[in-house]
Structure formats: structure tokens, C-alpha cells
**Student:** 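Sharing a structure here in C-alpha cells format.
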Amino acid sequence: LKIFFSLMDQYFGRMRSLMNNKELPARIRFLLQDTVELRENNWVPRKAFIDNGPKTINQIRQDAVKDLGVFIPAPMSQGMRMDFFLESPFMPNRMKLDRETLGGLADMFGQMPGSGIGTGPGVIQDRYSPTMGRHRTNPLFNGHGGHIAPPPQSQFDMGPKSFVKSNQVQNQHFLNQNQNHLAQQQVQSKDMPPRFSKKGQLNADEISLRPAQSFLLNKNQVPKLQPQIPNMMPPSAQPPRTQTPPLGQPPQLGLKTNPPPIQEKPQKTNKKPPPAREELLKMTEVIVTEYLNTKNMPEAVSGVREMKAPKHFLPEMLSKIIVCSLDRPDEDKEHASTLIHTLRTEGLITGENFMQAFLNVLDQCPKIEVDVPLVKSYLAQFAARAIIAELLSVAELAHPLENGTHFPLFLLCLQQTAKLKDREWLTDLFQQSKVNMQKMLPEIDQNKDRMLEILEGKGLSFLFPLLKLEKELLKQIKADPSPQSIYKWIKDNISPKLHTDKGFVNILMTSFLQYISQELCVAEGDEQLAAPSKEQLEQEKLLLLAFKPVMQKFLHDHTELQVSALYALQVHCNASSFPKGMLLRYFVNFYDMEIIEEEAFLAWKEDITQEFPGKGKALFQVNQWLTWLETAEEEESEDEAD
């Protein structure tokens, strides 16, 4: 029952929705409304509906007699019509047949198949018709004659006075005649056998007011003029479909289970179309101008939210905010940046939207520079504030500006960031970004010397302290090679954070090796270099001893830094094409002077990095010594164990 009631609720819910659909005809909507109200009234029809519903023929006759005083005669039975026909004065004598003989013939023909008078339009079928599938009730056709009622007088026998009688007299005559006829029928039915009396007993309510069966067209023969729509009911709740009966069987009468489909039109939405691009730009300009004048941040954010701008318009909106503030004071530019960052915090924009807007304004720079010559510097301020607010990263800013695109805009952004924040913070952030500064320069300037010159000119050389160290340390050693002077210069010019950096150790060792080679007059790249003399070897050893305190200061107890020092020696020898015995001499001197420890030598041997060139040739020259070092270390460990 729960399933049944739930399905009924679904059906009536569907009917209510169709009832409110103004696209349907009014007649259908009213019928649906009547059905819904009937269910709400516990299936009790309204009084008006009961009174005005269809009535039987007997009810119509009774109402006519009661209200109008007019009697509507009942149709004559088959026997009455036959008696009138046979006893008419206009019937010739030769045509008058015996009533019983005619009844027997009618009975015989009535039993023959196909002997009915047929059905179809024009044939009125009632309880007296022999073709309705019901038993005939007239005894004239069942072989049992018997005078039911005296034949009515002909209108011609009644004389002209019959035509001047009032309607009331005529109606009373027919009423009396009909009542007498019914009474005689009831008396006669008692005398008839049961099988005939059953045939004649038929209530007035059983009279069929429907058209003949053959007059009803088959459902499948009716052309479908309305488009079909999908059935919205669940499969379990769908009514069974009516099937076409087989040939030879009459179609079943009844209501059609499937009403004609109704095609629903999509409901019209009252949503307003989104504003056009020009309208959005005007709204943005109004919001930005009012915000820069009043500095009312909540109102500006609310205005942007109420715009409901589509996502593809957000970069243009941010571009408009930037452009509107370019010709205003620096304070207004800062407020415009704050508005952009607040919009990101509220989730209305993203960093990608800002980057696209930044590039859009850059494309407009040639036009904007006519009125705002320093447009790139102002854009650099927007980018710097975006980096500080973490709306944008250094790598994201650098990617579209590679190979000198919009040069020197990237350097201007770094300048503004250092100005708004501090150098150390920017240096750490830049090193974490892994941006290759040489690729940010025009192709003609992509080398270390030119890069250092450009950075020094922009005041950004602090971003590459090692690059400055590589250029300045050798000059300092040449000016004053004493260990105290070298150490003091490093301490004053190099941040302590870099003292444990592998790059710093590499530059330090490279500067010492280059100074020693220049002092010994050893030219780099000379493969046919003669073996150095004893004096040169002694001088080389003395110079190493002089630099020993500085090297030990930065390498002691740091195996990884010692490995970096060995790689610096490897690159130095590779640049000189590995002069015979040079690498081995330095290995032995570093070992004897305790500048490099055994663990660092063995770690360098096992390391397979390809970052530094010449590893294969270097191993070929010192492999035997390293084997000895490894064996000697094992013997010492065994002696200590004993």
C-alpha cells in the first residue's frame, strides 16, 4: 500500500504541475483541476456535478413530466411496430401475414449466423435491438406470439379531431398507453417459461448509450497528430498498454489507458543576460575611481562581487584597475595593489589572473608611455608588491620575460622588491627560485662578465655574491697574498651564510690555484709543458703552506667542502690539459699538509657526478695513489685494533 500511495502521489504531483502550465488548453487544465479536487474531497463529487451529470432516458422522461408537464413517449417495441404495420388499413390483404408465422420465421432467421441487421452509424441500438449481443425480449421473435396490447388506432382512423386535441390530452393518452403496455408485459412475463422471462428482464440502467462497436475506430488506425514525449512515470507505475485484439474479435470498449501525449515547452527563465564587456569595463572603472577617492575597501570588494564578472573577464578587470592608477600618485598605486591582493584573499581572482593582466598592460605599454613615460617602473612596483604578498612567485614572473623580453623589466621588479623588503630576504627568495639570471638578459649579454656588469649597474650584484667573489678575490690576493689580509677581506665582503657554501669553497680554491700558477709562470692549455724544476716545486709548496691557514679555516671538519675543493683542483687541471704529475703533486701536498683528509679523497673517488669535467683523466693519474691510501688506512685501522 505504501508503494501504491507513493505512486499515486507522484501521479497527482505530475497532474498539479500540468494543471498550472498555461501552455495547455484550458479544458485540459480544468479537467485536471477537477480530478485533483475530487481526490482532496475524499472522492466525493460536488453536488453540482451530481445534478448535472449524464442521466438515463427514464430520468429525462420523468423530469419532463414533473417540470414541464410534457410526456416523451417511449420508443415502440418491435412487436408494437409489427402490429401497427400488419393491421394498418393501408396494408393490402395479400401482404397481411399471420403473426405466428412471421414470428416463427423471425425466430428462425434470428438463429442464423449473420442474420442481424448489423451495426454502424445510423443504427440505433437499445435493449430491443437484436444485434447488441443481448437476448431479444419481444415474444414476436422467439416463436411465442400473444397479443401484448391492442393495436393503436391509425391517425387516419381518428379523424381530423385528433389533430386539434391539446398537447396535454395527447401526452396523457400516450402515458396511459405506455403504462398499460408495461403492465401487460409484466403479466405476460409471469406466464412465460423461465428461459424467456430471463431474456426479457432488463433494467433501464443497462441501456448502452455508447455508439456501435463497429463505429469505434481502432486506436492504432488513428493518425498521431501530436508529438510523443517520454513517459515520466517509473516503469513499475506505468499502466498496461492496450493491445489490438486479434481478427474476428470485437474490440473491448472502455476508456483509453494512454491519453494523448502532451508536449511540455521549457519554462521561460527570467534570468538577465550577463552584462557586455564594455559595460563591465565601465563598472570596473567606476568602482576603482570611487575606491581611490574614498579608500573604502569593503565597498569596493562588494562592488566587484556584485558585478559577477565571468572568469574570462577577470584579467581585463585587473588590467583596468592597474591602468586607472598609473597616472595617479604613488599612494594610489599602492592602494590599487592592496585592492588586488584583497580580491585574491576573498577568492575572487587568482595569481594566474594577475599575471595575465600584467602581461596585457605590458602589451599596451607603447600607447601608455605617451602619457606615462615611467609605465614600466610603475608596473615593476605592482609586480614587487605581488611577490611580497605571495600573489606571484619570482619563477612565475621570470618565465614570460626570458631572453630579454621587455628588458630590463625583470631587473626593475627585483629592484623594487629589494627596496620594499630587504636584500637578504630577496637573495634567499631568488636562490630558492632557481632562476638562471643569464637567460633573463638579451642573448648578446648572456655571459658571466657582462651579467656582473649589468647587475652592478642596477645595484643587484648582491644577488650573486660568489660571482663578485670570483672576480674580486683574485685581485685581492694579488694585491696582498698574506693570509690575514685575505681572511679579513672575505669576512668583510662575504656573508657568513656563504662560508659553508660549496660554491664559495670552489671559488676560494680556484683563486689560490690560479695565483700559484701565475707565480710559477705556468701557462694554461699547454699540453707539451715541461716538468717544473725543483725550485718551482719548492715555491709551489711554500705558497700552499702560506694559504694553508685560510683553507683550513673554511675546510676543517667539513668533508663535503673538502670534496668541493678537490673538484676545483680537478677543473683547474682539466683547463691546463692535465699537465703531467700536477694533480698527483697537489693530492700529496694536500694530504701531507692535512688540508684534505682521507675520507674526502675516497669520497671524491667514489662520486660519479658529471657536473665537473675531467674526472676520468683525473682518476687515471691518481688511481694508484688512492689505492695506496685506501690500503694504508686499512693497515692503520688493523694496527689500532691490535
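Because only heavy atoms are used, hydrogens play no part in the values below, and waters and symmetry mates are left out as well, while side chains stay in.
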**Student:** Do Lys478 and Gln518 pair up side chain to side chain, a donor and an acceptor below 3.5 Å, judged on atom types alone?
**Tutor:**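 Yes, a side-chain donor-acceptor pair sits under 3.5 Å.
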**Student:** Mind checking the CD1-NZ spacing from Ile454 to Lys458? Nearest 0.5 Å is all I need.
**Tutor:**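 Answer rounded to 0.5 Å: 9.0 Å.
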**Student:** For Asp607 and Tyr567, which I'm curious about, is there any donor-acceptor pair between the side chains at under 3.5 Å?
**Tutor:**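 Their side chains do contain a donor-acceptor pair, which is all the 3.5 Å distance test asks for.
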**Student:** Measuring from Ile516:CD1 to Leu543:CG, what's the distance to the nearest 0.5 Å?
**Tutor:** 5.0 Å
**Student:** Taking all non-hydrogen atoms of both residues, which atom of Asn447 and which atom of Ile444 are closest, and how far apart?
**Tutor:** ND2-O, 4.0 Å
**Student:** What heavy-atom pair brings Leu281 and Lys320 nearest, and what distance separates the two atoms?
**Tutor:** O-CE, 4.2 Å
**Student:** Hey, does the side chain of Lys311 reach the backbone of Ile349 with a donor-acceptor pair shorter than 3.5 angstrom?
**Tutor:**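 Pair absent, no side-chain N/O of Lys311 close to backbone of Ile349.
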**Student:** For the residue pair Ser6 / Asp9, report whether a side-chain donor-acceptor contact shorter than 3.5 Å exists.
**Tutor:**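 Ser6 and Asp9 do not have a side-chain donor-acceptor pair below 3.5 Å.
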**Student:** Has Gln438 got more than 12 heavy atoms of other residues, nucleotides or ligands less than 6.0 Å from its CD?
**Tutor:**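 Check passes, neighbour count above 12.
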**Student:** Has Asn623 got a side-chain atom pairing as donor or acceptor with Leu619's backbone, closer than 3.5 angstrom?
**Tutor:** no
**Student:** For a 4.5 angstrom cut-off between non-hydrogen side-chain atoms, does Glu299 reach Glu290?
**Tutor:**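 The answer is yes; the side chains approach within 4.5 Å.
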**Student:** Looking at residues at least two apart in the chain, or sitting in another chain, which of them share a ring-ring contact (aromatic ring centres under 6.0 Å, His included) with Phe578?
**Tutor:**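 For Phe578 there are no ring-ring contact (aromatic ring centres under 6.0 Å, His included) partners, ignoring immediate neighbours.
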**Student:** Flag yes if more than 12 heavy atoms outside Glu453 fall under 6.0 Å of its CD atom; otherwise flag no.
**Tutor:**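 Buried by this count: over 12 neighbours within 6.0 Å.
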**Student:** Do we get Lys475 above Trp489's six-membered ring, with its NZ or CZ under 6.0 Å from the centre and within 45° of the axis?
**Tutor:** no
**Student:** Please verify the inter-ring angle class for Phe587 with Trp604; under 30° counts as parallel, over 60° as perpendicular, anything in between as tilted.
**Tutor:** perpendicular
**Student:** Say you draw a straight line from CD of Gln536 to NZ of Lys541; how long is it, rounded to the nearest 0.5 Å?
**Tutor:** 16.0 Å
**Student:** Does His341 use its side chain to pair, donor to acceptor, with the backbone of Ser337 at less than 3.5 Å?
**Tutor:**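 Checked: pair present.
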**Student:** Minimum heavy-atom separation for Leu339 and Val301, please, with both atom names.
**Tutor:**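 Distance-wise, the nearest heavy atoms are CD1-CG2, 4.4 Å.
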**Student:** So how far is it from Met509 CE to Gln562 CD, rounded to the nearest 0.5 Å?
**Tutor:**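 Separation between the atoms: 10.0 Å.
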**Student:** Please check if any side-chain donor atom of Glu540 sits under 3.5 Å from a side-chain acceptor atom of Tyr586, or the reverse.
**Tutor:**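 Per modelled atom types, Glu540 and Tyr586 side chains form a pair under 3.5 Å.
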**Student:** Tell me whether Gln415 contacts the main-chain N or O of Leu460 through its side chain, where contact means a donor paired with an acceptor under 3.5 Å.
**Tutor:** no
**Student:** Check whether any side-chain N or O of Lys333 sits under 3.5 Å from a backbone N or O of Arg328 as a donor-acceptor pair, and report yes or no.
**Tutor:**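 Yes, because the side chain of Lys333 sits within donor-acceptor range (under 3.5 Å) of the backbone of Arg328.
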**Student:** Please step through salt bridge (charged side-chain N to carboxylate O under 4.0 Å, His left out) for the pair Glu594 and Lys548, ending with a clear verdict.
**Tutor:** CA-CA 9 Å; Glu594 296 181 352; Lys548 174 183 175 180; 5.7 Å; no
**Student:** Report yes or no: does Ser485 contribute a side-chain atom to a donor-acceptor pair with the main-chain N or O of Pro481 at less than 3.5 Å?
**Tutor:**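 Absent.
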**Student:** Do Leu397 and Met355 come close enough that some side-chain heavy atom pair is under 4.5 Å?
**Tutor:**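 Counting from C-beta outward, Leu397 and Met355 do come under 4.5 Å.
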**Student:** In Å and rounded to the nearest 0.5 Å, what is the NZ to CG distance from Lys615 to Asn574?
**Tutor:** 12.5 Å
**Student:** Would you find a donor on one side and an acceptor on the other, under 3.5 Å apart, between the side chain of Ser17 and the backbone of Arg14?
**Tutor:** yes
**Student:** So does Lys488 have more than 12 non-hydrogen atoms from other groups sitting under 6.0 Å from NZ?
**Tutor:**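 No, NZ of Lys488 has 12 or fewer neighbouring heavy atoms, counting only those of other groups under 6.0 Å.
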**Student:** Within the distance-only criterion (no hydrogens, no angle test), does the side chain of Glu598 pair as donor or acceptor with the backbone N or O of Leu629 below 3.5 angstrom?
**Tutor:**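 Such a contact is absent between Glu598 side chain and Leu629 backbone.
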**Student:** State whether the number of non-hydrogen atoms from other residues, nucleotides or ligands found under 6.0 Å of Lys617 atom NZ is greater than 12.
**Tutor:**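 Not more than 12 within 6.0 Å, no.
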**Student:** Are Phe382 and Phe354, when compared by the centres of their aromatic rings, separated by less than 6.0 Å?
**Tutor:**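 No: the rings miss the under 6.0 Å criterion.
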**Student:** For residues Ile477 and Phe547, determine if any side-chain heavy atom of one lies less than 4.5 Å from a side-chain heavy atom of the other.
**Tutor:** yes
**Student:** So, using salt bridge (Lys or Arg N to Asp or Glu O under 4.0 Å) as the criterion, who are the partners of Asp445 when residues are at least two apart?
**Tutor:** Arg450
**Student:** Determine whether a donor-acceptor pair (N or O, by modelled atom type, separation under 3.5 Å) exists between the side chain of Thr510 and the backbone of Asn506.
**Tutor:**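 Yes.
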**Student:** When you measure from the side chain of Ser517 to the backbone N and O of Gln514, does any donor-acceptor pair fall under 3.5 Å?
**Tutor:** no
**Student:** Taking side chain as C-beta onward, heavy atoms only, is Glu346 less than 4.5 Å from Arg305?
**Tutor:** yes
**Student:** Once you measure the plane-to-plane angle for Phe554 and Tyr487, does it fall in the parallel (<30°), tilted (30-60°) or perpendicular (>60°) bin?
**Tutor:**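 Geometry flag for Tyr487 against Phe554: tilted rings.
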**Student:** Looking at Glu369, I'd like to know if its CD atom is crowded, meaning that more than 12 non-hydrogen atoms belonging to other residues, nucleotides or ligands lie closer than 6.0 Å.
**Tutor:**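 Yes - once you tally the heavy atoms of other residues, nucleotides and ligands closer than 6.0 Å, there are more than 12.
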**Student:** Which distance, rounded to the nearest 0.5 Å, do you find between the CG of Leu561 and the CZ of Phe504?
**Tutor:** 9.5 Å
**Student:** Not counting sequence neighbours, list each pair that qualifies as a ring pair (Phe, Tyr, Trp, His ring centres under 6.0 Å) and has a residue in residues 445-484.
**Tutor:** Phe430-Phe464
